[in-house]
Amino acid sequence: MLLMRYCSHRLPIPCQKRLTSFTPRLFVAAARRNLSGSFARNGKMEHSLSKNSTFSGMEDVLMGYIFGKEKATTVAHLVWKHVVQKGDTVVDATCGNGYDTLEMLKMVADGSGRGCVYGMDIQKDALENTASLLNESVNPNEKELVKLFPICHSRMEEVVPRSTTLRLVAFNLGYLPGGDKEVITTSATTILALQAATRILASGGLISLVVYVGHAGGRGRNLRASKLLPLNYQ
């Protein structure tokens with residue numbers, strides 16, 4: 001499941017923020033409201049979304065997700081690209097094996113050295129995997145834009161300067177693929193991290209969550225996160 005929230009004003013100014021819960025069921029509902037056109041017999045989409053739709057320009061990926069042909073992370077990355085610009089500062093709150101970190105780096109790196117990715121994970125293996133992926137995928141100058149920290153995401157305010165204009169805070173909740181499945185993100189620290197993210201997110205920024213619910217605690221964390229966000233955003 002994906003959860004996305006946009007910020008229209010920098011805190012502590014009272015703000016209007018909108019939660020979009022990216023589930024297949026809601027995608028179908030959105031499609032019924034916004035799609036025009038039809039499907040070809042071969043299954044290829046022949047439609048367009050309203051220009052004012054949140055999902056405008058994302059038709060194929062969204063429908064691929066609905067029908068299980070696209071990963072949730074693919075949808076998340078596409079949404080990020082609608083928000084993140086070259087030179088921005090972003091946070092990968094759960095580095096894992098580094099694929100989200102790498103995707104963020106590609107979005108912010110522009111050769112000027114202004115972009116920055118703050119990555120964090122409590123597992124040493126995760127940070128080592130992330131660093132290894134970056135070594136293989138980008139040049140040394142680009143890698144310098146990534147700052148990795150062996151801390152819990154609930155402590156992100158300790159490493160992200162308050163003066164930073166933060167465009168994106170992304171979470172991929174679950175366990176480290178290929179790692180110890182007993183080590184998982186927890187509701188308690190995730191809620192603290194979400195609260196921290198709201199305090200440092202810039203106007204026009206985005207909080208993104210991809211929640212893996214296929215393990216003990218996954219659905220409970222998903223429900224807590226989805227209930228928490230509307231409570232704090234009025």
Subject >> V90: which of V169, L206, L105, V108 passes side chain to side chain contact (heavy atoms under 4.5 Å, CB included) >> reply: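 Only one of V169, L206, L105, V108 forms a side chain to side chain contact (heavy atoms under 4.5 Å, CB included) with V90, namely V108.
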With [X], which residues qualify under side chain to side chain contact (heavy atoms under 4.5 Å, CB included), at least two apart?
X    : answer
K81  : E103, M107
T74  : V61, E70, K71
N139 : N141, E142
N135 : K143

Closest heavy-atom contact between [X] and [Y]?
X    : Y    : answer
M156 : A193 : CE-O, 3.8 Å
V84  : R167 : CA-CG, 4.0 Å
C95  : L127 : SG-CD2, 4.1 Å
G96  : T130 : O-OG1, 3.3 Å
V210 : A76  : CG2-CB, 4.0 Å

Subject >> L168 vs V83, side-chain contact (heavy atoms from CB on, under 4.5 Å): CA-CA, chis, key distance, verdict >> reply: CA-CA 8 Å; L168 168 69; V83 178; 5.7 Å; no
**OP:** Kindly determine whether L201 and I207 satisfy side-chain contact (heavy atoms from CB on, under 4.5 Å), including the steps that lead there.
**Re:** CA-CA 8 Å; L201 192 68; I207 297 175; 3.8 Å; yes
Report the distance from atom [atom1] of [X] to atom [atom2] of [Y], rounding to the nearest 0.5 Å.
X    : Y    : atom1 : atom2 : result
C116 : E144 : SG    : CD    : 10.5 Å
T101 : M120 : OG1   : CE    : 10.0 Å
Q123 : T94  : CD    : OG1   : 11.0 Å
H77  : K106 : NE2   : NZ    : 9.5 Å
L209 : L194 : CG    : CG    : 5.0 Å
D92  : Y99  : CG    : OH    : 13.5 Å

Original post:
Looking at residues at least two apart in the chain, or sitting in another chain, which of them share a side chain to side chain donor-acceptor pair (under 3.5 Å) with T189?
Top reply: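 T189 satisfies side chain to side chain donor-acceptor pair (under 3.5 Å) with T186 once adjacent residues are dropped.
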Subject >> Contacts of type side chain to side chain donor-acceptor pair (under 3.5 Å), residue D121, not counting sequence neighbours >> reply: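 Expected list: none.
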Original post:
Would you say N129's side chain and N97's backbone share a donor-acceptor pair under 3.5 angstrom?
Top reply: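 Not at all, since once roles are kept as given, no pair shorter than 3.5 Å links the two residues.
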Original post:
Any sub-3.5 Å donor-acceptor pair from S137's side-chain atoms to L133's backbone N or O?
Top reply: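 Yes; at least one donor-acceptor contact below 3.5 Å.
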**OP:** Please list, chain by chain and in numerical order, all residues satisfying salt bridge (charged side-chain N to carboxylate O under 4.0 Å, His left out) with D110, sequence neighbours excluded.
**Re:**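 In terms of salt bridge (charged side-chain N to carboxylate O under 4.0 Å, His left out), with neighbours along the sequence ignored, D110 is linked to R114.
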Original post:
Which residue pairs pass the ring-ring contact (aromatic ring centres under 6.0 Å, His included) test when at least one of the two sits in residues 127-161, sequence neighbours left out?
Top reply: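 Checked against ring-ring contact (aromatic ring centres under 6.0 Å, His included) - neighbours excluded - the pairs reaching residues 127-161 are H153-F171.
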**OP:** Indicate yes or no: at least one non-hydrogen side-chain atom of L102 is less than 4.5 angstrom from one of V138.
**Re:**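 Side chain of L102 against side chain of V138, heavy atoms only: contact under 4.5 Å found.
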Original post:
Does the side chain of Y118 come within less than 4.5 Å of P161's, by heavy atoms?
Top reply: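 A side-chain contact exists here, since the closest heavy-atom pair is under 4.5 Å.
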Original post:
What's the verdict on side-chain contact (heavy atoms from CB on, under 4.5 Å) for L166 and V91, showing C-alpha distance, side-chain angles and the deciding distance?
Top reply: CA-CA 8 Å; L166 190 63; V91 168; 3.7 Å; yes
**OP:** Can you run down the salt bridge (charged side-chain N to carboxylate O under 4.0 Å, His left out) pairs that involve residues 146-161, sequence neighbours left out, and say none if there aren't any?
**Re:**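 Residue pairs with at least one partner in residues 146-161: R155-E158, E157-R162, E157-R199.
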